[in-house]
Structures are given as structure tokens and as C-alpha cells.
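Here's the structure, in C-alpha cells; my notes come after.
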Amino acid sequence: MYGGFGTIGSPALLIDALLQKGVRDLTLIGIDAGYPDVGIGKLISHGRVKKLLTTHIGSNPEAGQQMMDGRLAVTFCPQGIFAEKIRAGGVGIPGILVDARMWGEATDGREAVLFEGKPCWMEPALTADVGIVYAKQADTYGNLIYDKSARNLNPLVAMAAEITIAEVEEIVPAGELDPEKIVTPGIFVDYMVNRSGGNS
Amino acid sequence: MYGGFGTIGSPALLIDALLQKGVRDLTLIGIDAGYPDVGIGKLISHGRVKKLLTTHIGSNPEAGQQMMDGRLAVTFCPQGIFAEKIRAGGVGIPGILVDARMWGEATDGREAVLFEGKPCWMEPALTADVGIVYAKQADTYGNLIYDKSARNLNPLVAMAAEITIAEVEEIVPAGELDPEKIVTPGIFVDYMVNRSGGNS
Amino acid sequence: MRLTMDQRNMIARRAAKEIVPGMAVNLGIGIPELVADFIPNEWHVMFHSVNGILGVGPTPIQGEEDQHISNAGGAPVTIVPGASYFDSTVAYGMIRRRKLDVAFIGALQVNRRGDLANWIVPGTRVHGIGGGAELAFYAKKVIVLMSHVTLSGEPKIRRECTFPLTAKGCVDLIVTERAVIEVTPEGLMLTEVMYPYSLQDVIYHTGAPLLISEHLQMVE
Amino acid sequence: MRLTMDQRNMIARRAAKEIVPGMAVNLGIGIPELVADFIPNEWHVMFHSVNGILGVGPTPIQGEEDQHISNAGGAPVTIVPGASYFDSTVAYGMIRRRKLDVAFIGALQVNRRGDLANWIVPGTRVHGIGGGAELAFYAKKVIVLMSHVTLSGEPKIRRECTFPLTAKGCVDLIVTERAVIEVTPEGLMLTEVMYPYSLQDVIYHTGAPLLISEHLQMVE
């Protein structure tokens, strides 16, 4: 599972590291497929991904091609529901109910349940074995602060993964971040990689 | 629906205003019942409340007494689920799924549905006609910043009410709050009352 | 027919007239992105971006882009006073709570009941549903901005959509380089014809019956 | 029997031994609140409060309280370096994601299988379920801190709970003014007897069968 929206807030170094390590047969969960040569799309272009749960692959024709060829199994979900499903995973609830009337025809034909008078679908929470996120600042406890619209899905992914790895611009001693400004409490972060060198 | 946890982050002036206005037969939704003479408990002590959806009334024996006497209808919900239900209302999803095994015997005996192999309950989102919250700072657009643990339920309530009224310590011109630090975007806030005088 | 930049701007300029000061507005990718350029700053319109901004401002001056302030399409933007950042669940919370006054959205097809198809051309390239379904379903007013016909000249406004729907009955208004068309309970109502197109041309290139407004305007 | 402040502190001091440096710990209301006083600062234990703090610090010096930093019981607290504030959904997200190593919790009754009853005394005062069910169900280790018997002298550790349950099979350890008892698959295992109580006294005031640990300690 990866944070970022397009290339904004995408953990570029961690993606490169996965590529170099030769990891393959990945199942990826993230908002889009990046671009063929930038962001998460690199892993797809290099044939390392077998399944993709996402909302949109328009910016990565290579993903579309692999999907048509049957090499990449893609499951689409409307974007806001997708984000909620990751959040549900992040706070440990099994799923959410969504209004089935919203979903147009982008469905697999399943039946809705009637809930409080509305046709609803039960949507399972999304979690992952590993989550990679990008943040601007971290402290030594793992608390994270993002940067403007590079926040996007990152705080959700940070909570929804069993092991969360954060790629950060800077790591400061605990106590130096304004506790009001922290978006992801450090208890959700397992490892950090400092973009300017040095891990933690 | 009201923010605050005990008396911390409780919109005291707005509660007093409701009391003075003589509003009655209220249905209240909030994490606890405050104290008999402080916070939301005042409305209960004055007999203005007919229904209460909450998690805990231990700090307000008057609420307990009214419940036993049948004057106040109280519905309890575990605290974390209660907060999630308000948030679900705040983001406009119909409900959430919760793990039925967690809930001990604090149930009304309803049946669980089997979802992804787990017994779950479908819990409806909570919304309200009016929400009252307390914040430290607002700007003229209605963006809110809370204060330390006075945040608690306030950002959730701000999103879950049809009309949200914020009691704030200070209102500054739009653009003066750090956009990274804003917790509640102003689009969710309809009215503001400045504690130091002057409404907006 | 591929639109010229002039035509795209003309659509955006016309679309901007649907906005009044103080509204919260979502701009989709494509022609909708251009709408912001036709809204005066002093209107304090709050532009919403699903990646997590409320209060998107104009395109930055070249060389002054901030790599971490971008819209949902990935284009660099700025922010206005009163803007805030948040995660995507809050962005979509605003949408589902019906806080958005207008959503401008691109389309592949619209039918006479205002059904919208904009996420997949079966058998060719797949984009994915993205955020379109939720924006279209929940925004108070949905305005489609698109070319009137496809690259091969086929009408995009049709009796029935042939592509899978994004959302049903959601479209309120259609603005193209040729016309402005309202979706009414009685059907599609042509209210404006854009220069240099003629009424006949619009009717000819529209694949659904059109009611002609008694206030029909021929726009110069 | 109502506990003295000394007894409450003794329970808290014993409970603190279950913590190791770096743990994330939730302290319930009542005796659990006292546990923090027995943990050295340099252990960097992160105390969690369901109202929205991770990193609760010691009670502030009188006169230096911040009215907006309090624990879930409403008592003024401080924060430690690395602390953060968040809303209650995130606080419970940490709980459900099993990020809490230990939860110390008060109880009305515990049975021999580790079922916990702490939210209602039927027919008398009603408190409400609060956050107890979720903490008890999801924390990696649940330690009950309570008086060994009720005000009228009835055992609180029982073969079966007579009050409605908060959570089933969740309790790992019970610490009272008289004893430390582990919940094991074989049943309740008495491991420590507190001075000045005797083994006989503990057995007499416990309403469930006790296994006696071969390493039973008589604690001075």
C-alpha cells in the first residue's frame, strides 16, 4: 500500500529501493498507477506487479496495456470510497457501508442490502502487510507531518499497514514537532528513511 | 450534537445560551453527560433533554436518576464506535461495520451478520440537525484549530451536523491560520460565536 | 473533433457564469481546470481538489511552483487565504456532505435524462472510475464541460449512453463549444447556441431530442 | 472494603512492574491513573488517553495546570516529548489496531476465564460502557486493578460474573491489595500474596477456584 496522489507525496526512494531489491508478484493498493516512468508506475512498467487495487490508471497507459493483456489484475473503486476503505483498515473496523445508488455501473453486479431504508453495499476495509508513505518531517518517535497537498492518502496508508515505512525529508528529536501539527502519531510508524541520508 | 470530553472542549457559552433560550425536549448526542452543574449536564439537570445517545454518564448522577425514573431515554454505545459513528455521519457514509465479538453484553440482542468471516454489526452513522463545538482559533472562513486535548470529539461533531456552530476564543482574518494546522475546514462551519464578544 | 485552446477557453468562460461569489466548486480534469481563470479573486470562490485542498488559487508563475501544491490532475497550483489541507477522506467527506455547490466535470457521453458516462470506453483504453461518480452524485449542481462531438464526429449527447454510466440523472447543465443545454424533467432544453454554430448545426450534432427554449440565445 | 490511599498506591506500584521501557500503555480511571507515578521518565513509556493524547506526562504542579490538557477522567495532566493530540477516532484506531501493549483497567467483577464486568451494576447506578469494552478486547495485555472485595465484603473475583460483561476472556492479570492472580488456560493462578494478608485470607475472599503457583511469593 502506498501514499501519494499522482507523483505528489509519493515515496520515490522507497519505490526505487523496491525496484532495486527485485521484489516481484506484488499486490499494490493505492489511489492511482502513477506514470510509466515516475512514481509507483515504475514497478508496474518493470512487471513487478500482479494485482492492483486502485481508482484510476489514466496517467499510466502501460498499466492499461498490461490490464488488457491479462498480465495485471486491476480492481477499480470510486476514489472517495477507496480512501474511506483504507481509513477503515487504519482504525481497525472491518468495513463501511456505502450508498449503492452512487456507484453508477462501475460494479460487479452484486446485491445491495437495505440499511436504514437505503440500498447499501458492505465494503471491506483495506489493510496491507507493508505501507510506504512520504512525509516532510518526522521526530525520533515516528510522529509525521506532511507537506501541503502531499498529505493526500499518506496519513491513511500510515495507519492501515502492518508495517509502515516512512520516507521523510528530515528527522528531528522527539519534542521538537508541534504536537498540534502532528498528523500521524508515531505509534503507527515502524521504520523511517531519511531522504537526506541515514535511516532510523 | 456536542463536542467535548467531560468539561474539556465543551462549548460552555453555547450550552448556557440554549439553557437561557428555554429550548426543551432535546435529543442530545455526545460522548458523556458532563456534570450536573457543568457542561452539557446543565441541560439534563434542567429537564430539557428527553433522549441521550452517549457512552458514559458516570460523572452525572442526575442523568442516571432521570434514566431510572424513565424521564430520560439513554442509549449507550462503546466509546470508540460512538466516535466512528459520528465521523461516518461527518463524511456522509450511511454506516460502519463493527466487530460484534468486541461488544460484550452491552447489546440489545440483535443478530450479527457474517462479513468476511467475522460476525459484524451494521452501525448507522450519527448526524444531527445542530452541532455545537468549541475551538481555540477560527478564521473568517470558519476554519478551526482546537487546543490540545480539547480537540477530542469536536472535529467529528463539526462535520456531522447540518448546522454547525463554533464557540471560539479568537477569530482572525482568513489567511492568518497556518493551512497545515487547520483541523476543521471552514466549509463545515456555519456560525461562530467569539468568546471574547462579537459573533460572525 | 478536437477542440482548439480558444474553444476550450470559451467553454470555460461560459461555465464560469454559473458561479456566484462564495461558492465551493470542484473543477475536474481537462476543460474544467480552465474555469478558475475566469473567476474574479474578490468573489472568494473556494476551489476544491479531491487530493486534499479547499481554496485552490491560480496557476503559479513559472519558476515559482511548489512541488507539493498541486490539483488532482497533478498540475501545480497555489492557494488562497482561508485555504486548508486535509487527507482525501475529508475531501470526499465534503463531497458526500453536499458542501460543494457546483462540480464541473468532463464527459464521454450524456443522455437525455442527465446520465453521465465518463470513466470507460469499453474495449479501448481504461481510465478507472476515479472520483467522478461521487462528485457527479453528490454535488448540488453538476455541469458537464466537453466537446459537442467525438474526434470522429459522433454526438456525445445521446438518447441513451452506450458506455457504462458513471452516475445516473446527475447532470444539470451541459456546456460545449456549440451550445448550452439544460437537463430538465421534460428533457434536454437548448438555451444557447455559440457563434459561429447555427441552431441547425447543434440539432444535427446532438443525438437526443432537444427542446428549444423560448429564451434561446444566439451567443456572439 | 474501601481501599486506603496507601493500598491504592501499593496496587499501582505492583502493576507498574508489568511495564517495560518503550511500551504504549492505557491507564483507565481510578487506581490505574496512579500507575504512571511509578514509571521512570527515562523508560519513555507512552501513555495513551482515549480523549486524544499519546504521551501523557505527570500530574502538573499545582497552579500550572493547562485547562485543555487532561486525561479521559478529566484530571489535569502534562505531555512528554514526542506526544501528539488527535481526535477520539484516532485514539480508538490505535486501540483497534492493537498498538497498545498494556491496558490497566478497573473492574466490578472478573471470572475464572478472565471475563470482565465493569460497566453496570444492574438495578443501581448506571455508568455506561465507555471505552472499556474496546480497551479490554483489543489491548495486547489487560491488567485489572481493583479492590479484592466489594464495599460489603463480597468477592469481586468469581466463578461467574453476575453483572453484564464488558468483554469476554480479555483479562490477563489481576492485581488487588491482597493478591496478584494470573488468568491461565487452566484457570486463575495465584502468584503473589500481599502483606499483611495470608494465603488463607486470599482464598477465603476469592469466589473462584485458585491454582497456587509453585513460585508463589509472599510479598512484604
Side-chain angles (χ1 to χ4, degrees), chain B residues 1 83-96 124-131 135 137-146 151 154-164 166 168 171-190 192 200, chain C residues 19 21-27 41-58 60 66-71 77-103 131 133-140 167:
Chain B
M1 190 181 281
E84 273 301 317
K85 287 173 64 153
I86 294 177
R87 185 191 166 281
V91 298
I93 59 173
I96 56 171
L126 291 172
T127 55
D129 297 324
V130 178
Q137 281 187 305
D139 67 17
T140 48
Y141 184 62
N143 291 310
L144 302 181
I145 291 176
Y146 301 94
R151 186 182 309 195
N154 280 305
L156 312 171
V157 171
M159 292 172 74
E162 289 307 315
I163 296 170
T164 295
V168 300
I171 301 176
V172 302
E176 288 197 7
L177 299 179
D178 176 356
E180 297 279 4
K181 225 176 148 174
I182 291 165
V183 175
T184 298
I187 202 166
F188 291 111
V189 178
D190 300 287
M192 293 186 280
S200 175
Chain C
I19 296 180
M23 277 185 166
V25 174
N26 185 283
L27 303 178
N41 277 347
E42 59 273 23
W43 282 17
H44 298 295
V45 170
M46 292 300 264
F47 289 107
H48 170 271
S49 190
V50 292
N51 53 332
I53 309 178
L54 183 65
V56 174
D66 181 320
Q67 61 162 328
H68 288 155
I69 312 184
S70 81
N71 66 18
V77 294
T78 55
I79 59 167
V80 300
S84 53
Y85 301 110
F86 34 80
D87 72 47
S88 290
T89 63
V90 176
Y92 279 94
M94 292 173 185
I95 293 171
R96 280 189 233 96
R97 292 291 285 164
R98 301 191 186 278
K99 300 292 179 183
L100 293 189
D101 297 298
V102 183
E134 290 154 294
L135 276 163
F137 189 78
Y138 291 107
K140 288 183 202 154

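Chain A is the first sequence line, chain B the second, and so forth, proteins listed ahead of strands; every chain is numbered from 1. The shown structure was predicted, so the numbers you read here are calculated from the model rather than taken from an experiment.
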Got Tyr141(B) and His44(C) here, is their nearest side-chain heavy-atom distance under 4.5 Å? no
Could you measure the distance from the OG atom of Ser84(C) to the NZ atom of Lys181(B)? Nearest 0.5 Å is fine. 15.0 Å
Would you call Leu54(C) and Ile187(B) a side-chain contact if the rule is heavy atoms closer than 4.5 Å? yes
Should the pair Glu162(B)-Arg98(C) be classified as a salt bridge under the 4.0 Å nitrogen-to-oxygen rule? no
Sort out for me which of Pro185(B), Gly142(B), Gly186(B) touches chain C most, counting heavy-atom pairs under 4.5 Å. Pro185(B)
Please look at Ile79(C) and chain B and tell me whether the side chain, the backbone, both or neither of the residue comes under 4.5 angstrom of a heavy atom of that chain. side chain
Counting only N and O atoms by type, is there a donor-acceptor contact under 3.5 Å from the side chain of Asp139(B) to the main-chain atoms of Gly82(C)? no
Provide the closest heavy-atom pair for Ala83(C) versus Pro179(B) in the form atom of the first, atom of the second, distance. O-CB, 3.4 Å
Residue part contacting chain B, namely of Tyr85(C), when any heavy atom lies under 4.5 Å: both
Where is the tightest heavy-atom contact between Gly90(B) and Arg97(C), given as atom of each residue plus distance? O-CG, 3.0 Å
Would you call Arg96(C) and Ile93(B) a side-chain contact if the rule is heavy atoms closer than 4.5 Å? yes
Interface moiety of Ala161(B) toward chain C, non-hydrogen atoms closer than 4.5 Å: backbone
Full working for side-chain contact (heavy atoms from CB on, under 4.5 Å) between Met159(B) and Val90(C): CA-CA 9 Å; Met159(B) 292 172 74; Val90(C) 176; 4.3 Å; yes
What part of Thr127(B) gets within 4.5 angstrom of chain C, counting heavy atoms only: side chain, backbone, both, or neither? side chain
